[in-house]
Protein chains: 2
Amino acid sequence: MPEPTTKSEPQETEQRIFEAALTVFASKGRDGARMQDIADRAGINRALLHYYFRTKQQLYQAVFAHLFQQYVNSFSESLQLDGTFGENLRDFIDRYIDYVREHQDMARLMMNENLAGGSLLGEHLAKAFATKGSPQQKMQQAIRKAVETGEIRPVCPRQTMLTIISSCAFFFLIAPTVKVMNPLAATDFDAFIEARKQHVFEVLYHGLALKGEAT
Amino acid sequence: MPEPTTKSEPQETEQRIFEAALTVFASKGRDGARMQDIADRAGINRALLHYYFRTKQQLYQAVFAHLFQQYVNSFSESLQLDGTFGENLRDFIDRYIDYVREHQDMARLMMNENLAGGSLLGEHLAKAFATKGSPQQKMQQAIRKAVETGEIRPVCPRQTMLTIISSCAFFFLIAPTVKVMNPLAATDFDAFIEARKQHVFEVLYHGLALKGEAT
DNA sequence: GTCTATATCTCGATAGAC
DNA sequence: GTCTATCGAGATATAGAC
């Protein structure tokens, strides 16, 4: 064990900054975010942000890079996708929605980056693919295989992948709108999420499967 | 004709401010936007922004309200949805994607507002529904009817509507990501859009239709 | 209606005490 | 490692000339 620190654990503080920064960046974007807001949310002083991460830019990039790393490592690793296409599709939808549910700020941050032009996306996406393959890549490969074996209709794997993640992620990002338009989402968002899992699977499975195959 | 103005048409200037403000707000959000950027893009001075719209807040709200008005009036009016469900679905998908294509900044602005909490969404959404019904409301009604007549499987109209707009709008908002992952989207986005229209219709139609009905 | 100049405030970042 | 105090840049907004 190292020598005792003057005050609380430094790692703990850095973690609090990370989480606070993620939340604020996710809501307001890189330029809209205020260092004061991040400091307040982390329960520390503004100057301490600059002690850990010299500039706002570096803090933003650190958060961004960390989320990508975490996404590839924790989500992708647990994906098997070695069953029938129907099993794989349900598994992916369930896990993807669960992951986004637990990492909504990450999804919002990525969307903000896209809206702002996405200058950071290129390198990180490329790196994620180069290492172990992203969850999307895995599922896309499963779609391609199912098309080749004739398990599903001859759809474009890329378009299909886009349709799946659209159906799974979009509603989180427009949650304020969804809660205005759907009573269930407003009163019990978790119940709404479970209903959505089932709906997305049913529609997409029937939409992809060959006629004659039922659920 | 009214008396001649000192310089150029005032209406023209206000319009240019509107469009410039929309683009900047759409990219950076309400707080991230800079009045200087808007003025530059509109080709005028910063002070003139305050002459037309006193504050940044008022400019933002004016742009937001105008877009809602325009959306309900121009898009909703042209929707018929009086054919078979398949015809209605294809019609909606084509028109919705075309509308978002021509109003990408509006879509981005709405997403930014959602990400920031959506405090402006409630009243405007409520007002849009109260008047003539939004395009979404119309299509949702068509889904409900098709379920009742047995034309399609007994799906939840609200969930289905969400799946349709997710599949039609999400890819515009993450265009930077899509262009990294899909070669066609990077080289010819218009061709990609047309391919997407077809894909979304096919998957969703087969996903909703009763077995035995083909395209 | 449009500009220049300026007032006022807020933000990001640093210096230095503890 | 954490704070207070402060500097300087850049932001919104206003005043006043044209």
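Lettering follows sequence order; numbering is per chain, from 1. Keep in mind that what you see is a predicted model, and the values were worked out from it rather than measured.
Among D:dA13, D:dT4, C:dG12, the nucleotide with an atom closest to any side-chain atom of B:Thr55 is D:dA13.
Atom-to-atom, CG of A:Leu48 to C1' of C:dG12 comes out at 15 Å; the value is rounded to the nearest Å. Remark: C1' of D:dC3 and OH of A:Tyr52 are 13 Å apart, rounded to the nearest angstrom. Atom CG in B:Asp40 sits roughly 15 Å away from atom C1' in C:dC3 (whole-Å rounding). One atom, CZ of A:Phe53, and another, P of D:dG1, lie 12 Å apart when rounded to the nearest Å. Here C:dT2 presents its P atom at 10 Å from CD of B:Glu14, a figure rounded to the nearest Å. Rounded to an integer number of Å, the gap from NZ of B:Lys56 to P of C:dC11 is 11 Å. Nucleotide D:dT12 holds its P atom 8 Å from the CD atom of B:Gln36, rounded to whole Å. Per the geometry, CG belonging to A:Leu49 stands 10 Å off P belonging to D:dC3, to the nearest Å.
For B:Phe25 and B:Phe64, the ring centers sit 6.0 Å or farther from each other.
Salt bridge annotation for A:Asp31-B:Arg34: absent, with no cationic side-chain nitrogen under 4.0 angstrom from a carboxylate oxygen.
Between A:His50 and C:dT14 there is no side-chain N or O to OP1 or OP2 distance below 4.0 Å. Not one side-chain nitrogen or oxygen of B:Tyr51 sits closer than 4.0 Å to the OP1 or OP2 atom of D:dA13. At the phosphate of D:dG1, neither OP1 nor OP2 sits under 4.0 Å from any side-chain N or O atom of A:Thr13.
Using cut-offs of 30° and 60° for the angle between ring planes, the A:Phe189 and A:Phe172 rings count as perpendicular.
Counting any heavy atom pair closer than 4.0 Å across all strands shown, B:Ala39 reaches no nucleic acid atom. Among the atoms of the strands shown, base atoms are found under 4.0 Å from some heavy atom of A:Arg46.
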CA sep, side-chain torsions, deciding dist, call: A:Arg41, A:Thr23, side-chain hydrogen bond (donor to acceptor under 3.5 Å, both in side chains): CA-CA 9 Å; A:Arg41 185 171 285 267; A:Thr23 300; 4.6 Å; no
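Of the options B:Leu22, B:Val63, B:Leu49, B:Ile44, a side chain to side chain contact (heavy atoms under 4.5 Å, CB included) to B:Ile38 is made by B:Leu49 and by none of the others.
Residue A:Arg34 is the one, among A:Arg34 and A:Arg54, whose nearest nucleotide of DNA chain C lies closer to the 5' end (criterion: closest heavy atom).
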